[in-house]
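Single-structure report; data block below.
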Amino acid sequence: MSKIVFFSAKPYDKAFFTKYNEADSFELQFLETHLGPHIANAVEEGTFAVCVFVNDKLTSEVIAVLAEKGVQVIALRCAGFNNVDLDAAGKYGIRVCRVPAYSPEAVAEHAVAMLLTLNRKTHKAYNRVREQNFSLNGLLGFNMHGRTIGVIGTGKIGMAFCRIMLGFGCRVLAYDLFEDEDLKALGVRYTAFEEVLKAVDVLSLHCPLTPDNKYLINKDTLAIMKPGCSIINTSRGGLICTGDVIEALKTGHVAYLGIDVYEQEERLFFKDLSGSIIEDDTIQRLMSFPNVLVTGHQAFFTDEALSQIAQITLGNLYQLDAGEEPDPSVILV
Ligand code: NAD
């Protein structure tokens, strides 16, 4: 039976992968630690695959060790692959597969949840009524209906987000390198990036982080936005210059900020740090604002998405183990 070693494995990874490992086709080993040079040697000789997540580091050094152990596949249980040296994998003849898409609605719905929480202050109301404080002072929100929403990136997730916003009765403006005809037919209007920024009450980011769009939201682009605008980022932390957005929050130029991703998240997210001193003053400052909501990269975290991630990852591995070629969309090397 071929063996798969999971790194950065959480209890939910174990639950979903065990459930979908039909007929116990693979031997599964779950390790909590990240994969990096410190642990690569612990992979047993003859292991068929390692299964990794966003914060595992597959440098050429790590990949060389895996190759020595006879590992044949690196299976990413996520879409992004910036943490894997694909050239090194190619050089050592290790195949690399991923899950290019899983439940875009999960992420889009979380973006909406963040927006509604910030706007209608349900997080404050929840605590308030538990203390028998039924006052409404400070809970004033705004109607979503009739507001102008800007969407940057109208791929799978951005598209799902646009559809929800249209359902709310919002006017939706979008910017993408490619325009989607179906969305246009539904009423989404594409325009230039700056025009979106100028016009919107709420901006939601759904494009990938690339070398060209790092700090897409910075002091110059924030200055173009309307005073009192809201920003939601469920995409990648590096799209926002956190220092600049903090300045804009301090002046009130940005009224609400909801982030599920953060540029320095690697040191924080997916860990229970409740008993630790956090040295990152920027995230501490962000979390001190009453009009900022931070969640720890949980937008994807639904039953449907985790089921799809487990099924697609195991499906990729079944095929590669059987010597079959999976769909090109899941294969990186
Ligand atoms: P996708 O590839 O389907 O869509 C991305 C869209 O962005 C495409 O239409 C592309 O043309 C557009 N785009 C690329 N560069 C752009 C730019 N500079 N400006 C404007 N548009 C640009 O991807 P997706 O599945 O919709 O995912 C979007 C992003 O969501 C991912 O890149 C990832 O960073 C993030 N994500 C977050 C979570 C989470 O849990 N928070 C989970 C999955 C994905």
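First listed ligand is number 1; within each ligand, the first listed atom is number 1. Along the sequence shown, the residues carry numbers beginning at 1.
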Check each atom of ligand 1 against the heavy atoms of [X] and keep those under 4.0 Å away; list them by number with element.
X	answer
Val107	38 (C), 42 (C), 43 (C)
Asp260	39 (C), 40 (O), 41 (N)
Tyr102	42 (C), 43 (C)
His206	5 (C), 28 (C)
Gly153	7 (O), 21 (N)
Phe300	40 (O)
Ala299	39 (C), 40 (O), 41 (N)

Evaluate [X] for polar contact with ligand 1, using N/O atom pairs at a separation under 3.5 Å.
X	value
Thr234	yes
Thr210	no
Leu209	no

Least distance between heavy atoms, [X] atom then [Y] atom:
X	Y	value
Tyr102	Ala79	CE2-N, 4.2 Å
Tyr262	Leu268	CE2-CD1, 4.0 Å
Leu222	Ala248	CD1-CB, 4.1 Å

Looking only at protein heavy atoms, which one is nearest to [atom], and what is the separation?
atom	result
atom 22 (C) of ligand 1	Cys207 CB, 3.5 Å
atom 25 (O) of ligand 1	Lys156 CE, 3.6 Å
atom 8 (C) of ligand 1	Asp176 OD2, 3.5 Å
atom 35 (C) of ligand 1	Ser235 O, 3.5 Å
atom 19 (N) of ligand 1	Tyr175 CE2, 3.4 Å
atom 18 (N) of ligand 1	Asn213 ND2, 3.4 Å
atom 4 (O) of ligand 1	Gly155 CA, 3.2 Å

Legend entry - Minimum side-chain heavy-atom gap Thr221-Asp244 below 4.5 Å: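 No; the side chains remain at least 4.5 Å from each other.
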Legend entry - Validation row: Phe161, Thr234 side chains within 4.5 angstrom (heavy atoms):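 No, too far: nothing below the 4.5 Å cut-off.
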Residue selection (non-hydrogen contact nearest [atom]) among [options]:
atom	options	result
atom 15 (N) of ligand 1	Leu177, Val54, Ile157, Asp180	Leu177
atom 39 (C) of ligand 1	His297, His110, Glu265	His297
atom 32 (O) of ligand 1	Pro208, Pro104, Pro100	Pro208

Inset, instruction - Answer yes when Arg189 and Glu195 have at least one side-chain N-carboxylate O distance shorter than 4.0 Å, and no when they do not. - result: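 Not counted as a salt bridge, because no side-chain N and carboxylate O are separated by less than 4.0 Å.
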Legend entry - Salt bridge Glu247-Lys219, side-chain N to carboxylate O under 4.0 Å: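 The answer is no: the pair does not qualify as a salt bridge.
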Between [X] and [Y]: side-chain donor-acceptor atoms closer than 3.5 Å:
X	Y	result
Asp327	Ser329	yes
Glu304	Ser103	no
Asp180	Thr154	no
Asp85	Thr59	no

Inset, instruction - Report the relative orientation of the aromatic rings in Phe53 and Phe270; use parallel for angles under 30°, tilted for 30 to 60°, perpendicular for over 60°. - result: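 Aromatic pair Phe53/Phe270 classed perpendicular.
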Inset, instruction - Please check if the side chain of Arg77 supplies one atom and the backbone of Cys51 the other of a donor-acceptor pair under 3.5 Å. - result: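 Yes, Arg77 side chain to Cys51 backbone: donor-acceptor pair under 3.5 Å.
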Legend entry - Ala79 heavy atom under 4.0 Å from ligand 1: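 No, that is not the case, since the closest heavy atom of the residue is not under 4.0 Å from the ligand.
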